[in-house]
Every structure is written in C-alpha cells, then in structure tokens.
Amino acid sequence: MSKELLDLVTETKKQLEHLRVLGVEGIQASTAVAPAPPPALAPVEKISPEPVTSLFGDLTPAPVKLERSTETFEQIHAEIGDCTRCPLHQERTHVVHTEGNRKARLMFVGEAPGADEDAQARPFVGRAGQLLTKIIEAIGLKREEVLIGNVNRCRPPLNRAPTTEEAATCKPYLLREIAVVQPEVIVVLGNTAMKNLLDTREGITRLRGTFQDYKGIKVMPTFHPAYLLRDPSKKRETWEDLKKVRDYLDSHR
Ligand code: URA
Ligand code: URA
C-alpha cells in the first residue's frame with residue numbers, strides 16, 4: 001500500500017470512529033483505532049448513516065427513482081402518431097396503445113400485439129388477453145381498474161418476438177406512460193417484456209415470483225398468458241406470483 005493510501009485509511013478510520021462515538025450506526029472499521037473518550041455531551045442526537053458512505057465517495061450508484069411526469073397519455077399517443085420509426089409499422093393495421101386506469105396501482109406489460117389486438121387496436125383482447133383478464137379478476141380486481149400495455153405497439157409479422165432494436169425504439173413511450181401513472185407494481189408478462197423493463201440477463205423461469213425493481217417500482221415477472229395457454233400446468237406458479245402482488249397491494253394501502 002502506498003503511503004498516501006495508508007494515510008487515507010488511517011484518516012478514514014479516525015473519522016469513522018468519530019461518527020461512531022456520535023452515535024452513528026452501521027459502521028464497522030475493521031481495526032480498532034485509539035480508544036475514543038466517552039462523548040462529553042450526552043445524549044447526542046443520531047445522525048443518519050448517509051454521510052458515512054460519502055466519506056468514500058459514492059460506492060454504490062444511488063438508486064434511481066422515477067420522477068413523476070406531468071405529460072398526458074394523449075400527448076404521448078399524439079407524438080407516436082402514425083408511427084414509422086421501426087419496421088413493424090409495415091404490416092400493422094393499428095398502433096395498440098396502453099389502456100386502462102391512468103391512476104392504476106397495478107400495471108401489466110406484455111410483449112407486442114397479436115392479430116386480435118392489431119385488428120381491434122386494444123392490448124390483450126385475444127385468447128391470451130382473455131386469460132389475462134381472468135388472472136386480474138382472480139386477484140380481486142377488474143380489468144378496467146388496472147393498466148395494460150406492451151413494450152411494442154405494432155404487431156410483429158407471424159407474431160415473432162420484436163427485435164432488440166424494435167423494442168428499443170418503442171419502449172420509451174411505455175416508460176413515459178409509466179412515469180405518468182407511477183403504478184406501485186408492474187407485472188411483466190414473459191421473457192421479452194421482463195428483459196425490456198429490467199436490466200437482467202436472467203430468464204423468466206429464474207426470476208418469476210420474486211419482486212424486482214424498476215426505479216423504485218416493484219416489478220413482478222411471471223409467465224406470459226400465451227405460454228400458459230400452451231402449458232396450463234404453469235398456471236399454478238403464475239397464481240402464486242399474482243398472490244404476492246395482491247398481498248403487496250393489500251398491505252400498502
Ligand atoms: N400478447 C402480448 O404480449 N400482448 C398483447 O397485447 C397480446 C398478446
Ligand atoms: N388464478 C389461477 O388459478 N391461475 C392463474 O394463472 C391465475 C390466477
């Protein structure tokens with residue numbers, strides 16, 4: 001260790017000990033510094049532990065909190081307009097916007113519209129959507145009470161998954177809607193939606209059922225209802241995941 005570094009460590013330890021004496025908690029200097037005299041003035045008001053971290057500079061990035069936006073959905077949708085920003089516009093009939101309660105505590109995010117959604121200009125109205133409606137009702141909510149959207153707003157040909165680029169082009173509008181509504185919980189449906197909202201390399205099988213974070217909003221990954229239609233045995237796990245969401249919402253009223 002260089003001399004400067006040693007000096008810095010010694011100095012830092014002294015400061016930590018000083019803070020500890022003041023009653024600041026959560027400090028562990030590994031080596032004891034000279035025994036500190038008892039504080040002259042007791043009791044000392046406790047200081048929050050934050051300054052300790054700042055002694056070292058910020059070691060962990062500060063958690064990013066989502067700032068509430070004052071935009072309206074109408075403004076966002078007007079800006080999207082008759083969008084041609086990505087190749088998915090070529091075969092779509094309608095742009096499918098997020099719908100539902102703009103004061104929702106709970107939001108569901110899927111991948112992209114399918115044929116029924118493209119025809120009706122509404123998210124999750126086909127077979128998978130009908131199952132999603134049942135899932136919402138199973139936790140005691142009505143479909144109109146929640147917010148429902150997709151990462152991509154145009155139907156991909158043959159229902160393929162949107163490419164990373166297509167998702168990256170469309171996702172900012174979803175994120176702006178999320179900033180407007182600030183739901184307390186977002187359920188991401190399936191791998192594509194999950195990977196687009198969360199910065200993760202894990203798959204849905206691994207992360208489903210455990211709350212994740214998007215800028216201070218709880219995110220629950222679970223299986224996509226289209227997957228549940230193909231493998232109904234996975235409904236049980238989805239139900240477990242949704243019960244956690246229901247319990248969280250119930251206990252944070
Ligand atoms: N699948 C999705 O991901 N979104 C829809 O809107 C419909 C089906
Ligand atoms: N309730 C169930 O029984 N299954 C689900 O997938 C969701 C809710």
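Whatever order the structure lists ligands and atoms in, that order sets their numbers, starting from 1. The shown structure was predicted, so the numbers you read here are calculated from the model rather than taken from an experiment.
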Expected rows: ligand 1 N/O, protein N/O, dist below 3.5 Å:
residue, atom, partner, partner atom, Å
ligand 1, 1 (N), His224, NE2, 3.3
ligand 1, 3 (O), Glu111, N, 2.8
ligand 1, 3 (O), Ala112, N, 3.4
ligand 1, 3 (O), Ala112, O, 3.4
ligand 1, 3 (O), Asn150, OD1, 3.4
ligand 1, 3 (O), His224, NE2, 2.8
ligand 1, 4 (N), Ala112, O, 3.0
ligand 1, 4 (N), Asn150, OD1, 2.7
ligand 1, 6 (O), Phe124, N, 2.9
ligand 1, 6 (O), Asn150, ND2, 2.9

With hydrophobic residues grouped by side-chain heavy-atom distances under 4.5 Å, do Val125 and Val109 end up in a single group?
->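 In one cluster with Val125: Val109, no.
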
Where do Gln182 and Ala179 come nearest, in terms of heavy atoms and distance?
->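 Of all heavy-atom pairs spanning Gln182 and Ala179, the closest is CG-O, 3.4 Å.
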
How would you list, by chain and number, every residue that makes a ring-ring contact (aromatic ring centres under 6.0 Å, His included) with Tyr214, sequence neighbours excluded?
->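 With neighbours one apart ignored, the set is empty.
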
Could you name each residue pair satisfying salt bridge (Lys or Arg N to Asp or Glu O under 4.0 Å) that touches residues 179-196, not counting sequence neighbours?
->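 Those involving residues 179-196 are Arg105-Glu184.
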
With Arg176 via side-chain contact (heavy atoms from CB on, under 4.5 Å) - residues at least two apart =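 If we apply the side-chain contact (heavy atoms from CB on, under 4.5 Å) test to Arg176, skipping adjacent residues, the hits are Glu71, Ile76, Glu79, Tyr173.
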
Salt bridge or not for Lys234 and Asp231, using N-O below 4.0 Å?
->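 Counted as a salt bridge, because a side-chain N and a carboxylate O are separated by less than 4.0 Å.
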
